[in-house]
There are 2 protein chains.
Amino acid sequence: MTASSPTTRIQMRNRASILEAALDVFSAHGFRGATVDQIALAAGLSKPNLLYYFPSKEAIHNALLEQLLDLWLAPLRTLRDDGDPLQELLAYVRRKLEMSRDYPRESRLFANEIVQGAPRIHDALSGDLKQLVDEKCAVISGWIEEGRIARVHPYHLIFSIWSLTQHYADFDVQVRAVLGTEDPFEGASGFIETLYTRLLTPA
Amino acid sequence: MTASSPTTRIQMRNRASILEAALDVFSAHGFRGATVDQIALAAGLSKPNLLYYFPSKEAIHNALLEQLLDLWLAPLRTLRDDGDPLQELLAYVRRKLEMSRDYPRESRLFANEIVQGAPRIHDALSGDLKQLVDEKCAVISGWIEEGRIARVHPYHLIFSIWSLTQHYADFDVQVRAVLGTEDPFEGASGFIETLYTRLLTPA
DNA sequence: GATTGATTTGACCATTCGGTCAAACCGACG
DNA sequence: CGTCGGTTTGACCGAATGGTCAAATCAATC
């Protein structure tokens with residue numbers, strides 16, 4: 001387990017099991033609400049064995065958040081400044097909604113963290129995240145100045161995409177309680193596509 | 001403290017202090033993350049004294065959620081089926097955004113609860129909430145059939161209003177980290193109004 | 001199959017937390 | 001002043017929790 005020692009097959013398997021189990025438990029109960037025993041049980045390990053691979057509960061949480069930030073920002077990173085602006089933005093929205101459908105636990109892990117003030121990732125928010133958003137908003141502003149999409153506040157446009165798409169992961173129980181048996185993502189994708197088409201198509 | 005005894009001045013003051021403090025602590029740390037000592041300290045009481053007014057931590061939480069559901073659904077309740085459809089919906093959006101600005105703790109209390117599967121209010125969601133939404137969606141569907149607003153999925157329209165407005169309370173730290181010093185609600189109200197005007201104005 | 005390092009575990013510890021209780025305190029009212 | 005119901009508190013309890021450790025077990029290599 002020292003830095004110089006090779007990573008064995010068992011280490012890889014168990015680390016993966018732990019992170020998988022921790023994602024389950026942290027996303028469902030929050031950091032404080034999750035217990036090490038719960039995570040160990042879900043990972044099929046004893047508590048001391050789990051703590052042989054990660055030094056503390058917080059270390060597991062940090063590892064999850066770190067590995068997650070890349071995944072979470074990937075869709076925005078792929079927004080290209082060439083190509084048709086509306087199509088680029090709609091493609092971004094689609095990718096983001098797919099993330100909510102395919103990675104709801106990751107979405108809720110973030111939601112838990114940010115709702116409670118992002119104590120553990122505040123630096124990443126005002127650092128990497130802000131930088132990426134600034135960059136992409138500059139691109140959007142360029143499109144607006146060229147008259148290729150309607151004039152809207154680029155930052156709030158990004159926020160709206162985040163909130164609309166993540167809502168279906170983070171507030172899943174509420175959405176399903178109201179919709180009944182209807183598949184949320186079916187209707188959501190059509191609705192959201194219509195919304196941004198009407199919002200962004202130049203007058 | 002029995003049911004028949006009158007509610008004294010001290011009781012009213014302390015109960016209010018406790019609920020106020022509990023709203024602070026629960027919204028910032030979630031149910032599991034909050035401690036009775038924290039709440040008691042914030043309320044200016046000792047822990048046993050606090051437990052003299054509420055039988056348990058969960059009882060405080062329940063009292064908060066119960067009293068909150070009414071406040072939270074009030075804006076939707078006031079959506080009238082007479083009057084101009086677009087103006088009615090825009091007024092609802094405005095009221096909802098004002099709630100996020102003026103009651104961010106309440107919003108986060110709900111967010112915490114729902115993100116973690118709404119274990120304590122699931123019945124209210126598929127009961128009162130669903131009923132109210134069904135009712136209002138019927139009104140919106142009526143407006144659509146009459147051609148007075150554009151054709152959109154009414155349920156997802158409601159969801160979009162919830163997510164867009166509550167985002168500014170629930171994800172406040174993230175929004176502020178990205179925006180810097182700019183006031184979020186300033187830009188948000190203009191953006192969201194534009195969004196729904198363009199979405200809902202008949203073609 | 002013996003050795004050696006990696007892995008696993010049961011027992012244990014200190015702290016935190018929700019909650020209890022008997023005793024003390026306080027204030028209104030006769 | 002005395003009394004009595006309502007209020008407050010210090011001391012305490014049991015359970016849960018994050019984490020430790022020495023000893024046992026396992027697996028790869030010689």
Side-chain angles (χ1 to χ4, degrees), chain A residues 1-65 112-113 116 119-120, chain B residues 1-65 112-113 116 119-120:
Chain A
M1 255 284 290
T2 66
S4 61
S5 77
T7 305
T8 70
R9 200 174 51 253
I10 292 179
Q11 275 179 34
M12 285 189 32
R13 172 171 48 83
N14 283 347
R15 279 176 180 275
S17 297
I18 291 169
L19 289 176
E20 167 70 18
L23 179 57
D24 252 17
V25 178
F26 280 135
S27 68
H29 305 289
F31 177 77
R32 192 62 153 56
T35 74
V36 178
D37 282 294
Q38 255 180 312
I39 299 172
L41 183 71
L45 300 173
S46 66
K47 184 171 63 169
N49 198 8
L50 181 147
L51 290 167
Y52 170 73
Y53 290 99
F54 288 89
S56 70
K57 176 183 173 181
E58 187 156 12
I60 306 174
H61 196 249
N62 286 342
L64 268 184
L65 284 179
N112 265 305
E113 177 70 9
Q116 298 187 8
R120 282 166 261 270
Chain B
M1 254 283 290
T2 66
S4 61
S5 78
T7 304
T8 71
R9 201 174 52 254
I10 293 180
Q11 274 179 35
M12 285 189 34
R13 173 169 50 82
N14 284 346
R15 279 175 181 277
S17 298
I18 291 169
L19 289 176
E20 168 69 19
L23 180 57
D24 252 17
V25 177
F26 280 135
S27 67
H29 305 289
F31 178 76
R32 193 62 154 55
T35 72
V36 176
D37 281 294
Q38 257 180 310
I39 299 171
L41 183 71
L45 299 173
S46 66
K47 184 170 63 169
N49 198 8
L50 180 147
L51 289 167
Y52 171 72
Y53 291 99
F54 288 89
S56 70
K57 175 183 175 183
E58 188 156 12
I60 306 173
H61 195 250
N62 286 343
L64 269 184
L65 284 179
N112 265 306
E113 177 70 9
Q116 298 186 7
R120 282 167 260 271

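All of these numbers come straight from a predicted model, not from anything done at the bench. Just so we're on the same page: letters track the sequence lines, and every chain starts at 1.
In this structure, A:N14 does not reach the C:dA6 phosphate: none of its side-chain N or O atoms is under 4.0 Å from OP1 or OP2. Within the 4.0 Å cut-off from OP1 or OP2 of D:dG6, not a single side-chain nitrogen or oxygen of B:R9 is found. The phosphate of C:dT9 has OP1 or OP2 within less than 4.0 Å of a side-chain N or O from A:S46. Checking the phosphate oxygens (OP1, OP2) of D:dT7, a side-chain nitrogen or oxygen of B:Y52 falls inside 4.0 Å. The side chain of B:N49 contributes no N or O atom lying less than 4.0 Å from OP1 or OP2 of D:dT7.
Atom CG of B:L50 and atom P of D:dG10 are 15 Å apart (whole Å). Atom CG in B:L41 sits about 14 Å away from atom P in C:dG18, given to the nearest Å. For the pair B:H29 NE2 and C:dT16 C1', the interatomic distance rounds to 15 Å; values are reported in whole Å. Spacing between atom CE of B:M12 and atom C1' of D:dG6 amounts to 16 Å, rounded to whole angstrom units. The distance between atom OH of A:Y53 and atom C1' of C:dT9, rounded to the nearest whole Å, is 13 Å. As rounded to whole Å, 17 Å separates atom P of D:dT25 from atom CD1 of A:I10. Between the P atom of C:dC17 and the CZ atom of B:F26 lies a distance of 13 Å, rounded to the nearest Å.
Without hydrogens or angle criteria, B:Q38 side chain to B:T35 main chain gives a donor-acceptor distance under 3.5 Å. A distance-only check finds a donor-acceptor pair linking the side chain of A:K57 to the backbone of A:A34 [under 3.5 Å]. Under the 3.5 Å distance criterion, the side-chain polar atoms of A:E20 are left unmatched by any main-chain donor or acceptor of A:A43.
Taking the ring axis of A:F31 as reference, the NZ or CZ atom of B:R32 does not stay both within 45° of it and closer than 6.0 Å to the ring centre.
Using a 4.0 Å heavy-atom cutoff across all strands shown, B:R13 reaches no nucleic acid atom at all.
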Atom pairs under 3.5 Å, N or O on each side, protein against nucleotides 15-24 of chain D: can you list them with distances?
| residue | atom | partner | partner atom | Å |
| --- | --- | --- | --- | --- |
| D:dT17 | OP1 | B:R32 | NH2 | 2.7 |
| D:dG18 | OP1 | A:A34 | O | 3.2 |
| D:dG18 | OP1 | A:K57 | NZ | 2.9 |
| D:dG18 | OP2 | A:V36 | N | 2.9 |
| D:dG18 | N7 | A:K47 | NZ | 3.0 |
| D:dG19 | OP2 | A:K57 | N | 2.8 |
| D:dG19 | N7 | A:K47 | NZ | 3.4 |
| D:dG19 | O6 | A:K47 | NZ | 3.2 |

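Here the nucleotide nearest the side chain of B:Q11, chosen from D:dG6, D:dT8, C:dT7, is D:dG6.
Distance OG/B:S17 to OH/B:Y53: 9.5 Å, rounded to 0.5 Å. Separating the CG atom in B:L64 from the CD1 atom in B:I18 is a distance of 10.5 Å, to the nearest 0.5 Å.
Aromatic ring orientation, B:F26 versus B:H61: perpendicular (interplanar angle above 60°, classes split at 30° and 60°).
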